[in-house]
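Structure record follows, encoded as structure tokens.
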There are 2 protein chains.
Amino acid sequence: MKYKKDTSEKILQSAFEEFEEKGYNGARMQAIADKAGINKALLHYYYKSKDALFQLIIQKAINLFLPNLAKSFNESIDFFTGLEDFIYAYIDFLIQHPRIPGFITREINNNPERILNLFKASGLDIKPLTQKIRKAVNDGLIDDISPEQLIVNVISLSVFPFVSKPIITGIVLNNDKEAYQQFMETRKKEVSRFIIKAIKK
Amino acid sequence: MKYKKDTSEKILQSAFEEFEEKGYNGARMQAIADKAGINKALLHYYYKSKDALFQLIIQKAINLFLPNLAKSFNESIDFFTGLEDFIYAYIDFLIQHPRIPGFITREINNNPERILNLFKASGLDIKPLTQKIRKAVNDGLIDDISPEQLIVNVISLSVFPFVSKPIITGIVLNNDKEAYQQFMETRKKEVSRFIIKAIKK
DNA sequence: GTCTATATTAGGATAGAC
DNA sequence: GTCTATCCTAATATAGAC
């Protein structure tokens, strides 16, 4: 056996925390080693370089972030139920992983091509979704809206509050950290209601 | 005269570009010097440290980003007109400065306290806005909605598409860069329509 | 597999001449 | 005010013992 699984797992976990919090440029190999309870040399024994390690981590983050995106939508029969289920599930996921949106958007702006390639490699395909929306328009269920605009609206309303969490807490909620929890819980219902009212015929 | 104004201006401009593109951790003093056509020593002659220079730049970015936020809203008499004017003006501003949202959100996640302090120091106060929304609810103009949720919705729909620009272009618009321009132009009308339909009684 | 010690480079900052 | 040359530390990475 070449690698001790628990050591390599521990490293991955520590690396995830460090990269997620500090970003690629801010992350330190020393900090990852410390968190994992090992030293830098061993880090390089398990993973060739900072860059290689980062690639694994950001890929994991994106694949965690994405599949949830299409699931509920594709399963459900009723359009509005599907939309509602998706928003609930997605905001729930983000409440569990509140740092992922900031992590991914930071790296999008640091290195757009790299991240775009990972998005493409993830196999994400929005075509079924755009068709579902187009069908809902044709069936007279919802107003005439470009599927791309609607998709961006749904993602924006769900994801952006996490990207800007410190500002929302500090400015909008007067620094009340418990209020943020409540705010995001309420938001599941609120975003669903908001979007459905905005598009329903 | 202690400083040559055109040199110090040139440095600020170069620093803005570098920090905006790479972020604090990714930015290089050498790159700023190169862009400004000077050398690192002179950079430190004009601005004490990377940190001090960054502080000026991010402050400038935030103050550019914020005042637009409250203006239209406070001026207008009619609630819906005010909302619409704001969204048009704000997305227009972001089309002119498409990198600012990514810049600010990156630094929010890199160093929340620092950015939050700058937001607070900017004198931004959302109270007039929340009161205006509360009044619109009480007057029966719009559905019962928490002002905080509505504010976050408006900002999310306007700002997030710029934060995720490379992904929208690459995934949603099939890499068509001209389509992005068109997409954001359309979006002014689309976001206004979407929000007003979502809240109007 | 894991460690200590060290090589190497990058990058912010300063000294000192002009 | 502007430059060249240099310092110094931090950070990635590797060599080699155990």
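Chain letters run A, B, ... following the sequence lines, proteins first and then strands; every chain starts at 1.
- The CG-C1' distance, from A/Leu53 to D/dA13, rounds to 14 Å in whole Å.
- Going from atom CD1 of B/Ile11 over to atom P of D/dT2 covers 8 Å, rounded to whole Å.
- No more than 12 heavy-atom neighbours from other residues, nucleotides or ligands sit within 6.0 angstrom of NZ on A/Lys135.
- Side-chain polar atoms of A/Arg187 and B/Asn153 form a donor-acceptor pair below 3.5 angstrom.
- Looking at B/Lys50, its side chain has no donor and acceptor atom pair within 3.5 Å of the base of C/dG11.
- For B/Thr7, the side-chain atoms get nearest to D/dT2 when compared with the rest of C/dA13, C/dC3, D/dT2.
- Backbone-only contact: A/Ala27 has heavy atoms under 4.0 Å from sugar-phosphate atoms and none from a base.
- As rounded to whole Å, 13 Å separates atom C1' of D/dA11 from atom CG of A/Leu43.
- Going from atom OH of A/Tyr45 over to atom C1' of D/dT12 covers 20 Å, rounded to whole Å.
- When the nucleotides D/dT4, C/dC3, C/dT2 are ranked by their closest atom to the side chain of A/Lys4, C/dT2 comes out on top.
- Atom NE2 of A/His44 is separated from atom P of C/dT2 by 16 Å (rounded to the nearest Å).
- Along DNA chain D, the nucleotide nearest A/Arg28 and the nucleotide nearest A/Lys48 are compared for position; the residue whose nucleotide lies closer to the 5' end is A/Arg28.
- Counting heavy-atom neighbours within 6.0 Å of B/Lys200 NZ, excluding the residue itself, gives a total of 12 or less.
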Start with the C-alpha distance between B/Phe65 and B/Tyr90, add both sets of side-chain angles, then the distance that settles side chain to side chain contact (heavy atoms under 4.5 Å, CB included), and finish with yes or no. CA-CA 9 Å; B/Phe65 182 73; B/Tyr90 203 53; 3.0 Å; yes
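- A 6.0 Å sphere centred on CD of A/Gln59 holds more than 12 heavy atoms belonging to other residues, nucleotides or ligands.
- The residue among B/Lys40 and B/Asp6 whose nearest nucleotide of DNA chain D lies closer to the 5′ end is B/Asp6.
- Counting to the nearest Å, the P atom of C/dG12 and the CG atom of A/Asn25 are 11 Å from each other.
- The distance between atom NZ of A/Lys10 and atom C1' of C/dT2, rounded to the nearest whole Å, is 16 Å.
- At whole-Å resolution of the value, CD in A/Gln30 and P in C/dT4 are 11 Å apart.
- Nucleic acid contact for B/Ala52: none, since no nucleic acid atom lies under 4.0 Å from a heavy atom of the residue.
- The listed nucleotides are D/dC3, D/dT2, C/dG12; the one nearest the side chain of B/Ala41 is D/dC3.
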